[in-house]
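Lettering follows sequence order; numbering is per chain, from 1. On a predicted model such as this, the values are computed, not experimentally measured, just so you know.
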2 protein chains.
Amino acid sequence: MASLGANEATHLRLQALTRYVGARSGDSRVTDNSASQVVLVVEGAVKLIASASAGRTQVMGFYFKDDFIYVPARETHAYNLCALKDCELVAFPATEFIRLAQSDKTLNNNFLSHLLCALSRCREKSLALGQKTARERVATFLVSMAERIGAPFSNGALLDLPMSRRDIGDNIGLTIETVSRQMTELRNAGLVSTSGRSQVKILDLAALKQEAGHLPGLS
Amino acid sequence: MASLGANEATHLRLQALTRYVGARSGDSRVTDNSASQVVLVVEGAVKLIASASAGRTQVMGFYFKDDFIYVPARETHAYNLCALKDCELVAFPATEFIRLAQSDKTLNNNFLSHLLCALSRCREKSLALGQKTARERVATFLVSMAERIGAPFSNGALLDLPMSRRDIGDNIGLTIETVSRQMTELRNAGLVSTSGRSQVKILDLAALKQEAGHLPGLS
DNA sequence: CGACGTCATTGATTTCGGTCAAACCGAACG
DNA sequence: CGTTCGGTTTGACCGAAATCAATGACGTCG
């Protein structure tokens, strides 16, 4: 829990709240959803899914080592965490976590900057889902993953994606077939190469960002 | 600024940071976007828009009296506030606002709960944009507006929408034509009635929620 | 009051991505 | 090493929403 940056006293009180959760790959319903939770990924990778009625699911996001996740209690839609690989997670009831953060500036700041980051990412996703074409969405997804879990490589990145095509599709609002087709097109365009189900090599990150509809310049 | 709930000392320091912004209806670029801003709507209504390349814009959200808005600095996409009617706004540089919030619990809590609310709404929007049909999106939009600015009415609500059909379309990822058609269908189905461009009467909120794809029960 | 301009509605047609279906691949197993 | 099974890719076709094109309504300003 070093990543929480909490001081000694806070650390002890956090431990008292902690629900350690070990999850095996594919586990769903990792956390209680009758109350909002704050979850920290110690090791592994998870997806946060939201369910509309009719069994349709949207993958709200993917989370990796050291990521915070705010998992709200069920309201108009139900949220659940689901492990993409074997995981080590730490969960706190949100209300108590927040109360505790009030007395620890570092913890509070960590939580705040996480929330700002989560909000930014969620807005980027909204923009993608509302305005972007399939091609742009897949490119956007790959750029985002490259920035988060990619290993630098030449003028691109190496990716080992822990999620299935279905997860990707549910994340960017496309079907697995469309994701697959767009990946093929990106491969044909020489922007990426793939090997096996999960290995993706981004050959030209700048061009991929262009394809993703990012504003030119900066970053 | 009573809504900030800040104590006396904080209040004074906030005033020192404050950039009062009066905006006329239709004004764009209300805030500086070279640095992140925290904006409070004192009076009026604004939209937060994000621009992808190629001039496409997504309305990230609508904000009304007493709403907080976190407006990030330009990165992969550019964000801007735009007034829907004559407004009175108060803007703070985000970094200084956050620093100040560290020493005032009430302010910090207000900001925190605002962020959690914004994140929830943004996730709901992602779900809508990623999974829902045009019909469901329009219904979802109306339900959301009813909850935020609707006047209770029978078993429904009365709405006076300050935004255009284009704004609505850009918000829920549809064209104005599709929004219009769906409104017509909802009217034909007896769920709403309209008069003029902006008056909407929701006749059966429960049925509209059903139409919106909300989970049954609760709320 | 009337004419103009903007915004909204309605209709015809196109298109992108979804659906359905078949072939293909790769990892785990005997 | 071959089989099997889930996940992926590819192809043919379909449909919901976008686009294109008029028409219609509202508000506002002379």
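Between the CG atom of B:Leu84 and the C1' atom of C:dC7 there is a distance of 15 Å, given to the nearest Å. Rounded to whole angstrom, the span from the CG atom of A:Leu174 across to the P atom of D:dT8 amounts to 15 Å. What separates CG of A:Leu161 from C1' of D:dG7 is a distance of 14 Å, to the nearest Å. In this structure, A:Gln182 atom CD and D:dT9 atom P are separated by 12 Å, rounded to whole Å. B:Asn188 places its CG atom 8 Å from the P atom of C:dT10, with the value rounded to the nearest Å. Taking atom CZ of A:Arg165 as the reference point, atom C1' of C:dG26 lies 13 Å away to the nearest angstrom. Residue B:Gln199 contributes atom CD, which lies 13 Å from atom C1' of D:dC26 at whole-angstrom precision. If you measure from atom CE of B:Met183 to atom P of D:dA25, you get 17 Å, rounded to the nearest angstrom.
Listed for the A:Ser198 side chain is no donor-acceptor partner under 3.5 Å among the backbone atoms of A:Pro162.
On a pure distance criterion of 3.5 Å, a polar donor-acceptor pair joins the side chain of B:Arg197 and the base of D:dC26. Counting distance only, with no hydrogens placed and no angle test, the side-chain atoms of A:Arg135 and the base atoms of C:dG17 include no donor-acceptor pair under 3.5 Å. Between the side chain of A:Arg181 and the base of C:dT19 there is at least one donor-acceptor pair of N/O atoms closer than 3.5 Å.
Taking only side-chain nitrogens and oxygens, A:Thr184 comes nearer than 4.0 Å to OP1 or OP2 of D:dT10. For the pair A:Thr175 and C:dG18, the criterion of a side-chain N or O lying under 4.0 Å from OP1 or OP2 is met.
By the 30° and 60° cut-offs, the orientation of the rings of B:Phe92 relative to B:Phe97 is tilted. Classified by interplanar angle (parallel below 30°, tilted 30° to 60°, perpendicular above 60°), the ring pair B:Phe68/B:His114 is tilted.
Which of C:dG18, C:dT19, C:dG11 sits closest to the side chain of A:Thr178 comes down to C:dG18.
Contact of the A:Met183 side chain with the A:Val192 side chain is not registered, since no non-hydrogen atoms from C-beta on lie closer than 4.5 Å. Within the 4.5 Å cutoff, the side chain of A:Tyr70 has heavy atoms near those of the B:Arg123 side chain.
A:Gly169 comes within 4.0 angstrom of nothing in the nucleic acid, heavy atoms only.
The residue among A:Lys132 and A:Glu177 whose nearest nucleotide of DNA chain C lies closer to the 5′ end is A:Lys132. Of the two residues near DNA chain C, A:Gly196 and B:Ser164, the one whose nearest nucleotide lies more 5' is B:Ser164.
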